[in-house]
Protein chains: 2
Amino acid sequence: MKLFIDSNHLSPYAMSAFVALREKAIPFESALVDLQRGEHLAAGYAGVSSTLRVPTLSHDGFNLSESSAICEYLEEAFPATPIYPANVQDRARAREIQAWLRSDLMPIRSERTTEVVFLRTPVPPLSDEARAAAERLFKAADGWLRQHGSTLFGTWCIADTDLALMLNRLVLAGDPVPEHLARYATEQWQRASVQEWVNTTRPAARTTG
Amino acid sequence: MKLFIDSNHLSPYAMSAFVALREKAIPFESALVDLQRGEHLAAGYAGVSSTLRVPTLSHDGFNLSESSAICEYLEEAFPATPIYPANVQDRARAREIQAWLRSDLMPIRSERTTEVVFLRTPVPPLSDEARAAAERLFKAADGWLRQHGSTLFGTWCIADTDLALMLNRLVLAGDPVPEHLARYATEQWQRASVQEWVNTTRPAARTTG
Ligand SMILES: [Ca+2]
Ligand SMILES: [Ca+2]
Ligand SMILES: [Ca+2]
Ligand SMILES: [Ca+2]
């Protein structure tokens, strides 16, 4: 089992796949891809990832990109320790959250890159557009967390890590975040699998995530 | 069962959820949301969709947004007519493709909106960035379609409809598309469930998708 990840460990999606593997205690090796040097565009990588992206999982000759697809594949191939909820509606909600975090909230993702999260790079105040996106994020997260508070569904699932990452783009930048959401994100961040990714030694690189 | 869709029927993601319901022969009613008038931002819609987006499925009081999550939910709740492949690796690939089409290829999606596809709006030539994205799309699609040609996995799945939509942004704009990929997209477009969406009466609206 091999996981291709960005060499700076800044991709939030590489983190999600990494956490999935660690939570399932699946042994794997990491293969570092230097996005700044364009290694994902080199001829060899197209043989690994049709979409030329990280993360990509390589398992017994089967190569798979897109972190949400990787998480789902790991869940099906290694079901012993689940990373998605067992309940059909909860599992659907986890998928909704994963899909939304990967396809919306662009102003937050561009003004609060993961350099803020993992390198603690200082940033200027949020634009009006990013503050509006943050309000949407807070309202959605508030609704999703109303029942359990410290997790989405009562026990941890991979969507908790993804949601905490998005919230921590703001928390760790010092932006105003409702206290209960900041607490959720900070508590989720303490998880051992997440802390292992957070504490990876990384160069002070100029890459966005 | 109710599906909230954009009132202009231009959202490619609403189309994907619509096709999923039709393929499974699940009776449902459509609820039209006028995005231009901001109906998705009105107070009532937040009670339906936490992310304020279309499509949203409402099933026995359970509301779910994000088209890929809706397709997966329908597959679990109504498994009789599958819309995903049965094989674990093929299903993983279908998810990879769905996730990629929803999170990448932005220059194609912005320069070839679904107005081109559904309203046949004339458009200027592609930018360099969009042509580069098109090349990435062609290479990926070529690899995925190499085995079967007319479908991704030998029998239709929902990712075929999503991939054909992306290719048809270019085909229907008159952009150069490799012949075998254009043929795949054109053939996929003839599917009855897709044609029903395509032939919906829609105003010549100024909305993007
Ligand atoms: Ca580097
Ligand atoms: Ca193995
Ligand atoms: Ca309208
Ligand atoms: Ca019902």
Side-chain angles (χ1 to χ4, degrees), chain A residues 13 40-41 46-47 49-53 56-57 59-79 84 87-106 109 132-133 135-146 159, chain B residues 13 40-41 46-47 49-53 56-57 59-79 84 87-106 109 132-133 135-146 159:
Chain A
Y13 315 115
H40 58 305
L41 305 176
S49 170
S50 300
T51 60
L52 310 181
R53 302 220 282 185
T56 294
L57 185 77
H59 179 220
D60 290 339
F62 176 63
N63 297 323
L64 184 68
S65 297
E66 298 302 321
S67 58
S68 56
I70 291 170
C71 292
E72 299 260 13
Y73 173 75
L74 292 172
E75 187 80 341
E76 295 193 356
F78 303 89
Y84 286 94
N87 175 274
V88 171
Q89 293 189 352
D90 289 347
R91 189 162 55 250
R93 183 75 64 217
R95 286 170 172 149
E96 174 193 78
I97 293 168
Q98 285 201 300
W100 184 57
L101 295 172
R102 285 158 175 75
S103 66
D104 202 348
L105 305 175
M106 280 311 304
R109 290 154 67 192
E135 283 306 314
R136 287 204 297 131
L137 171 63
F138 298 155
K139 278 193 187 151
D142 179 64
W144 291 326
L145 291 167
R146 199 161 295 159
Chain B
Y13 314 114
H40 57 306
L41 305 176
S49 169
S50 300
T51 60
L52 311 181
R53 302 219 282 185
T56 294
L57 185 76
H59 178 220
D60 290 339
F62 177 62
N63 298 324
L64 183 68
S65 297
E66 298 302 321
S67 58
S68 56
I70 291 171
C71 292
E72 300 261 12
Y73 172 75
L74 292 172
E75 187 80 341
E76 296 193 355
F78 303 89
Y84 286 94
N87 175 274
V88 171
Q89 294 188 352
D90 289 348
R91 190 163 54 249
R93 183 74 65 218
R95 288 170 171 150
E96 174 192 79
I97 293 169
Q98 286 200 300
W100 184 57
L101 295 173
R102 285 158 175 73
S103 66
D104 202 350
L105 305 174
M106 280 311 303
R109 290 154 67 192
E135 284 305 314
R136 286 204 297 132
L137 172 62
F138 298 155
K139 278 193 187 151
D142 180 65
W144 290 326
L145 291 167
R146 198 162 295 158

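In what follows, chains carry the letters A, B, and so on, assigned in the order in which the sequence lines appear, proteins first and then strands, with residues in each chain numbered from 1.
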Working to the nearest 0.5 angstrom, can you tell me the gap between [X] [atom1] and [Y] [atom2]?
X       : Y        : atom1 : atom2 : answer
A:Ile97 : B:Glu66  : CD1   : CD    : 10.0 Å
A:Thr51 : B:Leu105 : OG1   : CG    : 9.0 Å
A:Asn63 : B:Arg93  : CG    : CZ    : 7.0 Å
B:Ser67 : A:Glu96  : OG    : CD    : 11.0 Å

Will you find, in the side chains of A:Ser103 and B:Arg53, an N or O donor that is under 3.5 Å from an N or O acceptor?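 A donor-acceptor contact under 3.5 Å links the two side chains.
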Can you tell which of A:Ala69, A:Ser49, A:Ala94 has the highest number of heavy-atom pairs within less than 4.5 Å of chain B? A:Ala69
What part of B:Asp142 is in contact with chain A, defined as an atom under 4.5 angstrom from a non-hydrogen atom: side chain, backbone, both or neither? neither
By a 4.5 Å heavy-atom criterion (distance strictly below it), what part of B:Leu64 contacts chain A: side chain, backbone, both, or neither? both
Return the option, out of B:Ala141, B:Ala140, B:Ala77, B:Ala92, with the maximum number of heavy-atom pairs under 4.5 Å with chain A. B:Ala92
Under 4.0 Å between a side-chain nitrogen and a carboxylate oxygen: does that hold for B:Glu76 and A:Arg91?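 Between A:Arg91 and B:Glu76 there is a salt bridge, with a charged N closer than 4.0 Å to a carboxylate O.
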Would you check if B:Tyr73 and A:Gln89 make a side-chain contact, meaning some heavy-atom pair closer than 4.5 Å?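 When only atoms from C-beta onward are counted, A:Gln89 and B:Tyr73 do touch, with a gap below 4.5 Å.
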Is any side-chain heavy atom of A:Ser50 closer than 4.5 Å to one of B:Trp144? yes
For B:Ser68, enumerate each residue passing the side chain to side chain contact (heavy atoms under 4.5 Å, CB included) test, keeping only those at least two apart in sequence or located in another chain. A:Ala99, B:Gln98, B:Arg102
